[in-house]
Amino acid sequence: MRVFRGFHHPGIAPACALTVGNFDGVHRGHQAMLALLNNEARHRGVPSCVLTFEPHPRDFFAERAGTPDKAPARIATLRDKLSELERCGIEQAVVLRFDERFAAQAPEAFVRDVLVDGLHARYVLVGDDFRFGARRAGDYTMLDAAGAQHGFDVARMQSYEVHGLRVSSSAVRVALAAGDMARAAALLGRPYSISGHVVHGRKLGRELGYRTLNLRFGHPRPAAGGIFVVRVHGLHRSPLPGVASLGVRPTIENEGRVLLETYCLDWPLAPDEGYGRCVRVELLHKLHDERHYGSLEALKAGIARDEADARTWFRHAS
Ligand SMILES: Cc1cc2nc3c(=O)[nH]c(=O)nc-3n(C[C@H](O)[C@H](O)[C@H](O)COP(=O)(O)O)c2cc1C
Ligand SMILES: Nc1ncnc2c1ncn2[C@@H]1O[C@H](COP(=O)(O)OP(=O)(O)O)[C@@H](O)[C@H]1O
């Protein structure tokens with residue numbers, strides 16, 4: 001999959017079958033839509049393309065209104081979104097900066113400048129609640145009319161349901177907030193996971209006797225949080241069982257940076273071999289929320305209990 005930041009690149013495809021959206025989580029509804037898009041692209045002999053935004057438009061508006069907490073929590077980082085889009089067979093992704101100028105664009109200007117002149121769309125697929133342009137003034141009917149004028153086809157995809165319930169990013173957020181990882185996995189069509197490069201932390205882990213693989217979560221409000229039973233992919237030939245904490249580590253700092261820290265129950269590599277590696281951590285089961293322990297001793301004892309619970313969980317799972 002080719003990824004472009006903006007559409008002023010010589011390498012951008014001269015024609016495409018396009019869909020537009022935030023795709024937070026790339027859940028089963030998104031996956032059905034992407035499969036349809038790939039099919040349409042193949043029939044037309046053009047690459048499939050996803051247009052997405054960073055920051056999330058709702059982050060942008062909430063920030064601008066001075067109420068950043070009003071924005072929805074984030075399921076996936078941009079890295080994970082792009083890797084899921086690639087796994088779904090999308091050939092080109094374009095990430096546009098959602099800023100003041102972009103938000104002020106009239107629907108007609110968005111169609112002309114972005115869809116037609118920028119991305120050369122021949123086909124545009126949208127979800128049933130798609131709105132676009134300043135004040136969300138553009139809708140499906142308008143896009144359809146613009147397509148007839150500019151020479152691209154427009155299609156709308158109805159909601160995708162599982163057990164009679166609409167699959168949506170909000171439904172995934174509700175499941176993750178409740179720590180219901182089985183429900184989240186059912187909606188996503190795979191276990192919820194977070195990936196990234198292992199970064200250096202405070203080197204406190206080795207003092208506690210619990211070294212951890214640290215990944216940054218590049219958004220201040222992850223949709224999930226707490227202590228989880230996990231599996232780590234990408235470090236070893238087989239996935240490594242572990243126990244992890246996702247959050248801001250209230251016991252040891254208050255900077256609010258979100259980290260996913262994983263202690264592997266068995267460590268098959270040299271002690272420092274984890275750093276710099278790109279790993280994917282599957283969050284399988286939630287044990288409890290993050291705690292503010294009164295001392296490092298109490299934190300260490302807490303982690304030891306979590307480790308024991310994770311070992312028990314794996315024994316019962318196998
Ligand atoms: C299983 C597990 C549970 C954890 N639970 C908490 C917690 O409840 N509260 C907290 O502040 N930190 C928690 N942590 C994070 C530790 O504070 C952190 O891993 C430790 O300080 C090491 O930091 P370092 O990687 O920067 O050296 C947990 C870590 C693990 C692996
Ligand atoms: N059981 C283990 N689980 C996770 N990482 C481990 C383990 N044993 C050794 N490591 C290594 O230790 C590093 C983390 O050590 P730590 O003292 O927690 O420092 P940091 O503050 O950088 O996280 C990891 O990046 C990894 O290479």
Side-chain angles (χ1 to χ4, degrees), residues 73 77 79-80 176-182 184 191-318:
T77 60
R79 161 202 294 280
D80 283 327
L176 292 177
D180 188 344
M181 306 316 280
Y192 177 58
S193 66
I194 295 173
S195 62
H197 287 101
V198 176
V199 298
H200 289 267
R202 289 197 174 182
K203 314 288 179 222
L204 208 71
R206 58 199 66 192
E207 274 174 46
L208 290 171
Y210 286 98
R211 283 171 167 250
T212 53
L213 298 161
N214 297 7
L215 307 186
R216 286 198 195 97
F217 187 88
H219 190 272
R221 293 197 311 119
I227 314 307
F228 298 86
V229 177
V230 304
R231 233 191 309 254
V232 181
H233 295 259
L235 258 188
H236 194 55
R237 52 183 179 273
S238 53
L240 299 177
V243 61
S245 126
L246 172 60
V248 294
R249 315 196 296 179
T251 308
I252 56 167
E253 61 185 326
N254 51 15
E255 287 170 18
R257 252 183 335 143
V258 179
L259 284 176
L260 174 63
E261 297 205 58
T262 304
Y263 170 71
C264 296
L265 302 184
D266 300 293
W267 184 254
L269 310 175
D272 284 340
E273 227 184 305
Y275 291 117
R277 301 276 288 271
C278 188
V279 302
R280 185 168 63 81
V281 181
E282 284 178 355
L283 280 62
L284 303 173
H285 172 73
K286 180 164 170 172
L287 294 173
H288 58 81
D289 284 334
E290 268 188 310
R291 293 176 181 148
H292 188 158
Y293 292 107
S295 66
L296 286 183
E297 272 313 304
L299 169 64
K300 185 173 172 177
I303 297 177
R305 279 193 301 276
D306 296 336
E307 179 197 353
D309 290 346
R311 288 189 188 277
T312 306
W313 191 89
F314 280 112
R315 256 198 313 280
H316 290 138
S318 60

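Order of listing sets the numbers, starting from 1, for every ligand and every atom in it.
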Enquirer: Hey, which atoms in ligand 1 end up nearer than 4.0 Å to a heavy atom of R202?
Expert: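 Per the distance check, 24 (P), 26 (O), 27 (O).
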
Enquirer: List the closest protein heavy-atom neighbour of atom 6 (C) of ligand 1: residue, atom name, distance to the nearest 0.1 Å.
Expert: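 Checking every protein heavy atom, the shortest distance to atom 6 (C) of ligand 1 gives L299 CD1, 3.8 Å.
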
Enquirer: So which heavy atom in the protein is nearest atom 5 (N) of ligand 1, and how far is it from that ligand atom?
Expert: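 Sorting protein heavy atoms by distance from atom 5 (N) of ligand 1 puts I227 CD1, 3.3 Å first.
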
Enquirer: Within a distance under 4.0 Å of any heavy atom of T251, pick out the atoms of ligand 1 and give their elements.
Expert: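 Those of ligand 1 that fall under 4.0 Å from T251 are 9 (N), 10 (C), 11 (O).
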
Enquirer: Is it the case that the side chain of R211 and the backbone of P271 share a donor-acceptor pair, with hydrogens and angles ignored and the cut-off at 3.5 Å?
Expert: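 It does hold such a pair.
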
Enquirer: Any side-chain heavy atom of E273 sitting closer than 4.5 Å to one from H236?
Expert: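 E273 vs H236: side chains apart.
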
Enquirer: With a cutoff of 4.0 Å, is T262 in contact with ligand 2, counting heavy atoms of the residue only?
Expert: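 Contact present.
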
Enquirer: Should H233 and V279 count as side-chain neighbours, where that means a heavy-atom distance under 4.5 Å?
Expert: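 No, side chains not in contact.
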
Enquirer: Checking a contact table here: which protein heavy atom is nearest atom 19 (O) of ligand 2, and how many Å away?
Expert: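 Going atom by atom, the protein heavy atom closest to atom 19 (O) of ligand 2 ends up being Y275 OH, 3.1 Å.
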
Enquirer: Please name the pair of heavy atoms, one in T262 and one in A244, separated by the smallest distance, quoted to 0.1 Å.
Expert: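 Where T262 meets A244 most closely, the heavy atoms are OG1-CB, 3.5 Å.
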
Enquirer: Taking only non-hydrogen atoms of G302, do any sit less than 4.0 angstrom from ligand 1?
Expert: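 Per 4.0 Å heavy-atom rule, G302 does not contact ligand 1.
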
Enquirer: Below 3.5 Å, N or O to N or O, backbone or side chain included: is there any such pair between Y263 and ligand 2?
Expert: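 Looking only at distances, the answer is no, because the N/O contact criterion of under 3.5 Å is not met.
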
Enquirer: Write down the atom of G218, the atom of T77, and the distance for their closest heavy-atom approach.
Expert: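 It is N-CG2, 3.6 Å.
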
Enquirer: Flag the pair Y293 / I303 as yes when at least one side-chain heavy-atom distance between them is below 4.5 Å, and no otherwise.
Expert: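 In short, these two side chains do not touch, never coming nearer than 4.5 Å.
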
Enquirer: State, to 0.1 Å, how close L240 and C264 come at their nearest heavy-atom pair, and which atoms those are.
Expert: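 For L240 and C264, the tightest heavy-atom pair comes out as CD1-SG, 4.2 Å.
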
Enquirer: For E207, is there an ion pair with K203 - N to carboxylate O distance below 4.0 angstrom?
Expert: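 Answer for the salt bridge query: no.
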
Enquirer: Under a 4.5 Å cut-off applied to non-hydrogen side-chain atoms, are L287 and W313 in contact?
Expert: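 They are not in contact (no side-chain heavy atoms under 4.5 Å apart), so the answer is no.
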
Enquirer: Tell me the protein heavy atom at minimum distance from atom 21 (O) of ligand 2, and give that distance in Å.
Expert: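 The closest one turns out to be K203 N, 2.5 Å.
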
Enquirer: Select the closest option to atom 3 (N) of ligand 2 among C264, G201, G209, judged by heavy-atom distance.
Expert: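 Looking at heavy atoms only, C264 sits closest to atom 3 (N) of ligand 2.
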
Enquirer: What residue and atom, counting heavy atoms only, is the protein's closest point to atom 28 (C) of ligand 1, and at what distance?
Expert: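 Answer for atom 28 (C) of ligand 1: S245 CB, 3.5 Å.
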
Enquirer: What protein heavy atom sits nearest atom 16 (P) of ligand 2, and how far away is it?
Expert: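 Checking every protein heavy atom, the shortest distance to atom 16 (P) of ligand 2 gives R206 NH2, 3.7 Å.
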
Enquirer: Give the atoms of ligand 1, by number and element, whose distance to some non-hydrogen atom of K203 is under 4.0 Å.
Expert: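 Within the 4.0 Å cut-off of K203, ligand 1 contributes 27 (O).
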
Enquirer: What atoms of ligand 1 come within less than 4.0 Å of a heavy atom belonging to G201?
Expert: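 Listed by number with element: 26 (O).
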
Enquirer: Just wondering, do L176 and Y192 contact through their side chains at under 4.5 Å, heavy atoms?
Expert: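 Yes - at least one pair of side-chain heavy atoms lies under 4.5 Å apart.
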
Enquirer: Does L299 reach the side chain of Y210, with side-chain heavy atoms less than 4.5 Å apart?
Expert: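 Heavy-atom side-chain distance check fails, nothing below 4.5 Å.
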
Enquirer: Does only the side chain of N214 get under 4.0 Å from ligand 2, or the backbone, or both, or neither? Count heavy atoms.
Expert: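 The answer is the side chain.
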
Enquirer: Among all protein heavy atoms, pick out the one at the shortest distance from atom 5 (N) of ligand 2; state its residue, atom name and that distance to 0.1 Å.
Expert: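 Result: W267 CZ3, 3.5 Å.
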
Enquirer: Numbering the atoms of ligand 2 from 1, which are under 4.0 Å from a heavy atom of R202?
Expert: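 Listed by number with element, the hits are 21 (O).
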
Enquirer: Going by the atom numbers of ligand 2, which of them fall below 4.0 Å from some non-hydrogen atom of H200?
Expert: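 The atoms of ligand 2 under 4.0 Å from a heavy atom of H200 are 22 (O).
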
Enquirer: From atom 31 (C) of ligand 1, work out which of V230, V248, T212 has a heavy atom at the shortest distance.
Expert: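 The residue whose heavy atom sits nearest atom 31 (C) of ligand 1 is T212.
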
Enquirer: Are any side-chain N or O atoms of R291 and backbone N or O atoms of G302, one a donor and one an acceptor, separated by less than 3.5 Å?
Expert: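 Not confirmed, R291 side chain does not pair with G302 backbone.
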
Enquirer: For atom 23 (O) of ligand 1, what is the closest protein heavy atom, and at what distance to 0.1 Å?
Expert: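 For this ligand atom, the closest protein heavy atom is R249 NH1, 3.0 Å.
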
Enquirer: For the residue pair S193 and R280, what are the closest heavy atoms and their distance?
Expert: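 Here S193 and R280 meet closest at OG-NH1, 3.5 Å.
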
Enquirer: Against heavy atoms of P271, which atoms of ligand 2 measure under 4.0 Å?
Expert: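 Answer for ligand 2: 9 (C), 10 (N), 11 (C), 12 (O), 26 (C), 27 (O).
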
Enquirer: Which of the atoms in ligand 2, numbered in the order shown and given with their element, are less than 4.0 Å from a heavy-atom of D272?
Expert: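 Counting from 1, the qualifying ligand atoms are 27 (O).
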
Enquirer: Which residue and atom name correspond to the protein heavy atom nearest atom 27 (O) of ligand 1, and how close is it?
Expert: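 Heavy-atom neighbour on the protein nearest atom 27 (O) of ligand 1: L204 N, 2.6 Å.
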
Enquirer: Are any of the heavy atoms in Y293 under 4.0 Å away from ligand 1?
Expert: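 The answer is yes: ligand 1 sits under 4.0 Å from a heavy atom of Y293.
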
Enquirer: Out of N214, L259, D306, who gets a non-hydrogen atom closest to atom 3 (C) of ligand 1?
Expert: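 Closest candidate by heavy-atom distance is D306.
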
Enquirer: Just by modelled atom types, is the S295 backbone N or O under 3.5 Å from a matching donor or acceptor in the K300 side chain?
Expert: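 Not confirmed, K300 side chain does not pair with S295 backbone.
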
Enquirer: For atom 18 (O) of ligand 2, which protein heavy atom lies nearest, and how many Å away is it?
Expert: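 I find the closest protein heavy atom is T212 N, 3.0 Å.
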
Enquirer: What closest approach, in Å, do A73 and A223 show between heavy atoms, and which atom pair accounts for it?
Expert: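 Looking at all heavy atoms of both residues, the shortest contact is CB-CA, 3.6 Å.
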
Enquirer: Give the numbers and elements of all ligand 2 atoms closer than 4.0 Å to a heavy atom of G205.
Expert: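 This gives 17 (O), 18 (O) as the contact atoms.
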
Enquirer: Which residue supplies the protein heavy atom nearest to atom 21 (O) of ligand 1, what is that atom called, and how far is it?
Expert: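 Ranking protein heavy atoms by distance from atom 21 (O) of ligand 1, first comes I252 CD1, 3.0 Å.
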
Enquirer: Among all protein heavy atoms, pick the one closest to atom 4 (C) of ligand 2 and tell me residue, atom and distance.
Expert: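 Result for atom 4 (C) of ligand 2: R211 O, 3.3 Å.
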
Enquirer: Report the nearest protein non-hydrogen atom to atom 20 (C) of ligand 1: residue, atom name, distance rounded to 0.1 Å.
Expert: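 For this ligand atom, the closest protein heavy atom is L208 CD1, 3.8 Å.
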
Enquirer: Among protein heavy atoms, which lies nearest atom 2 (C) of ligand 1, and at what distance?
Expert: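 Protein heavy atom at minimum distance: I303 CG1, 3.9 Å.
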
Enquirer: May I ask you to test the L269-R277 pair for a side-chain heavy-atom distance under 4.5 Å?
Expert: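 Touching, per the 4.5 Å side-chain cut-off.
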
Enquirer: Could you check if a side-chain atom of V230 sits within less than 4.5 angstrom of a side-chain atom of V243, using non-hydrogen atoms only?
Expert: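 Answer no - side chains too far apart.
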
Enquirer: Where the side chain of E290 meets the backbone of V248, is there a donor-acceptor pair that is under 3.5 Å apart?
Expert: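 Flag set: sc E290 to bb V248 pair under 3.5 Å.
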
Enquirer: Quick one: which ligand 2 atoms are inside 4.0 Å of a heavy atom on V198?
Expert: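 Listed by number with element: 25 (O).
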
Enquirer: Only heavy atoms of G205, strictly under 4.0 Å: list the atoms of ligand 1 that pass.
Expert: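 Answer for ligand 1: 22 (C), 24 (P), 27 (O).
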
Enquirer: Heavy-atom distance to atom 8 (O) of ligand 1: which of E207, H292, R291 wins?
Expert: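 Checking each option, the heavy atom nearest atom 8 (O) of ligand 1 is found in R291.
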
Enquirer: Are any side-chain N or O atoms of E261 and backbone N or O atoms of N214, one a donor and one an acceptor, separated by less than 3.5 Å?
Expert: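 A pair under 3.5 Å: no.
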
Enquirer: Could you go through L284 and F314, starting from their C-alpha distance and side-chain angles, then the distance that decides it, and tell me whether this counts as side-chain contact (heavy atoms from CB on, under 4.5 Å)?
Expert: CA-CA 10 Å; L284 303 173; F314 280 112; 4.2 Å; yes

Enquirer: Just distances here: any N/O of Y210 and N/O of ligand 2 closer than 3.5 Å?
Expert: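 Not met; the criterion fails.
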
Enquirer: Go through ligand 1 atom by atom and flag the ones less than 4.0 Å from a non-hydrogen atom of E261.
Expert: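 With E261 as reference, the close atoms of ligand 1 come out as 15 (C), 18 (C), 19 (O), 22 (C), 23 (O), 24 (P), 25 (O).
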
